[in-house]
Amino acid sequence: MEPITSIRGFKDILPGESEKWQFVERKAREVFGAYGVRELRIPILEKTDLFRRGIGETTDIVEKEMYTFLDRGEESLTLRPEATAGAIRSYIEHHFYETDPVARLYTIGPMFRRERPQKGRYRQFHQINVEMLGYEDPRVDGELIGMLMAFLTSLGIGDLDLEINSLGCADCRPLFREKVVRYLGDREDTLCPDCQRRLRTNPLRIFDCKVAECREAVREAPVILDSVCDGCRDHFEKVKELLSSIGVPFRVNPRMVRGLDYYKKTAFEVIGHSLGAQNAVAGGGRYDGLVRDLGGPDIPGIGFAIGFERLVSMLPGRDEDYSPAPDIFVATLGREAEDTAFRLLNDLRGKGLRAETDYSGKSLKAQMKRANRSGATHVLIVGGDELAEGALVLRDMKNGVQEKMPIPDAVVKIEEIFHVR
RNA sequence: GUGGGUGUAGCUCAAUGGUUAGAGUGCCGGGUUGUGGCCCCGGAGGCUGAGGGUUCGAGCCCCUUCACUCACCCCA
């Protein structure tokens, strides 16, 4: 019989790896908590229209990457390709703004995009998202970006670059876009085929192209930071100032653009240099106007998304550093010993200790081998001979020293070693 | 969607077109009646991704297909 395999681009997160995920989540809750950011849990399936309206009809995501199907042949549903649209749908649906327009939310979970998998890119991938709704103030931009960097730092991840840019607002961006189209339109024949297409679909993206001819064409092109309106310029200047004031290093990248239509003003990206071609570990920006576009009141917002898989791949150390070994391994010799050991294990675990054993009935040698491999620092050997006098053997695996002692004494000794009661 | 690379033991990898496809590691057992790591010995484990073709003979050459992987596109 042919075994059934997982789907292309869908990955199992195995023990050894999953502990790293738990570590990241634990840190996220801890750091975000300090900023008053609270968890929102939302469905992974939404009505397709939510994403069409939220992300933009002409984006790649909506045009060709969504997992969309008809539910019972009636309603079009989509596995979420990103989290912001759903979070805002929830914010609007539950009338958050009636009691308090300000909301600081995070979500953690899977996203789905039907792209060709490669290093750091999967069809089911996971994101940690933070959304801060209700504030137009640049201090929120600074706070949010500062929090992101604090989080990454708390994980022990180095070798990161923060890049920021301003994309302009609904007033000034269209003007800039026209300027760019006019400028590059005159040089269309020097652009690569992809960029000739982008000229019509997403001209700002040309700034990001890696082809040498396009870089040349773009070199003298108008820069968005020179073209934004006074409001956007002041906002951006303030964000930069605030980041500097809290010691967050950044680089202004005037060519950075974002893939989703809704971004305005502040945009940012965190680049990890060990990641390969897909090198953005986090990205985000301001999306004033999105809440209104999704049918809510005109409330501003800003947020970011962190790529979980990419983040985990950057964690320092080995897998084992994130997976705690058991404290005690219990080995047995003989029928009676097995029953005693069973009760002993139950007691040890009741004290909060990580205790393991082996039920294969194999030799003590085999059990010791397993104990060693488990990484347990101590082994309790419950043997027939000692048991006859109500005793057992406690062995320290680090130095090989072992001692026979009455069961009650052994319990006290273990409590001392592990500081439990 | 497009292009490159790779598919051999659980894992990492060897093997001029020529006997019975090997090694390391892991697993199981022994060297020690009841003691792990280090060392020694033994054992199990393979339709060489799948299908077709060329050849006296294919893991190796050709075609097809599938999978994985990297890159483009795009993005976290």
Side-chain angles (χ1 to χ4, degrees), chain A residues 2-3 5-9 11 55 58-65 80-84 108-130 148 152 192-195 197-198 201-202 205 208-211 256-260 263 268-272 275-285 303-314 329 331-334 337 358 360 362-387 392-402 404:
Chain A
E2 275 295 295
T5 60
S6 60
I7 306 166
R8 178 202 292 269
K11 290 272 178 283
I55 302 168
T58 62
T59 56
D60 274 31
I61 291 176
V62 170
E63 278 183 351
K64 50 193 187 195
E65 294 174 1
R80 64 179 184 194
E82 60 101 51
T84 301
I108 300 179
M111 310 294 156
F112 303 85
R113 292 181 200 171
R114 203 181 180 296
E115 302 176 90
R116 190 76 168 258
Q118 72 184 80
K119 187 180 177 66
R121 192 175 71 185
Y122 310 101
R123 290 183 172 183
Q124 176 179 333
F125 61 103
H126 298 74
Q127 287 186 340
I128 301 172
N129 280 261
V130 174
L148 170 61
L152 296 174
C192 71
D194 278 331
C195 284
R197 178 176 51 77
R198 288 184 184 121
T201 56
N202 192 353
R205 246 230 106 88
D208 231 11
C209 186
K210 293 163 186 108
V211 176
M256 181 177 66
V257 291
R258 308 259 72 222
L260 285 60
Y263 287 114
F268 55 94
E269 204 162 276
V270 181
I271 307 298
L275 291 176
Q278 308 301 322
N279 64 359
V281 68
F304 63 72
I306 302 172
F308 216 127
E309 284 81 355
R310 294 177 189 180
L311 186 63
V312 166
S313 78
M314 296 187 74
F329 192 95
T332 61
L333 283 159
D358 173 65
S360 66
K362 284 179 182 158
S363 66
L364 180 60
K365 180 192 176 84
Q367 293 181 63
M368 290 301 289
K369 229 176 145 166
R370 179 177 281 270
N372 181 58
R373 202 177 46 216
S374 78
T377 56
H378 291 77
V379 174
L380 267 183
I381 302 171
V382 188
D385 295 351
E386 293 85 353
L387 209 53
L392 40 67
V393 171
L394 177 62
R395 180 182 178 87
D396 184 333
M397 294 296 274
K398 288 241 169 64
N399 51 25
V401 174
Q402 66 182 41
K404 186 170 99 174

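Letters A, B, ... mirror the listed sequences (proteins, then strands); counts begin at 1.
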Pairs under 3.5 angstrom, nitrogen or oxygen only, protein versus nucleotides 68-70 of chain B, please.
from	atom 1	to	atom 2	distance (Å)
B/U69	OP1	A/K11	NZ	3.3
B/C70	OP2	A/K119	N	3.0

Under 4.0 angstrom, heavy atoms only, what part of the nucleic acid is A/A371 near: base, sugar-phosphate, or nothing?
nothing

Quantified in whole Å, what is the P atom distance between nucleotide B/C62 and nucleotide B/G17?
12 Å

Is any N or O donor-acceptor pair between the side chain of A/Q367 and the base of B/U35 shorter than 3.5 Å?
no

Measuring only the P atom in each nucleotide, how far is B/G26 from B/U12? A whole number of Å is fine.
15 Å

Quick one: A/K64 NZ to B/C73 P, roughly how many Å, whole number?
11 Å

In whole angstrom, give the distance that lies between atom CD of A/E63 and atom C1' of B/G1.
13 Å

With rounding to whole Å, what would you report as the distance between B/U8 and B/U48 at their C1' atoms?
4 Å

Sugar-phosphate only, base, or nothing, as touched by A/E269 at under 4.0 Å among non-hydrogen atoms:
nothing

With stacking defined as ring centroids separated by under 5.5 Å and planes differing by under 30°, is A/F308 stacked against B/A76?
no

For nucleotides 24-32 of chain B, which of its nitrogen or oxygen atoms have a protein nitrogen or oxygen under 3.5 Å away, and what is each distance?
from	atom 1	to	atom 2	distance (Å)
B/C27	OP1	A/R373	NH1	2.5

Span that lies between the P atom of B/G4 and that of B/A21, in whole angstrom
34 Å

Establish whether the base of B/G34 is bridged to the side chain of A/E386 by a donor-acceptor pair shorter than 3.5 Å.
yes

Looking across every strand, which nucleic acid part, if any, lies under 4.0 Å from A/G284 by heavy atom: base, sugar-phosphate, or nothing?
nothing

Distance, P atom - from B/A44 to B/U6, rounded to whole angstrom:
34 Å

Return the residues of residues 377-384 of chain A meeting this criterion: a heavy atom under 4.0 Å from some atom of RNA chain B. Order them by number, or give none.
A/I381

Figure out the CG/P separation between A/D385 and B/U33, and round it to whole Å.
14 Å

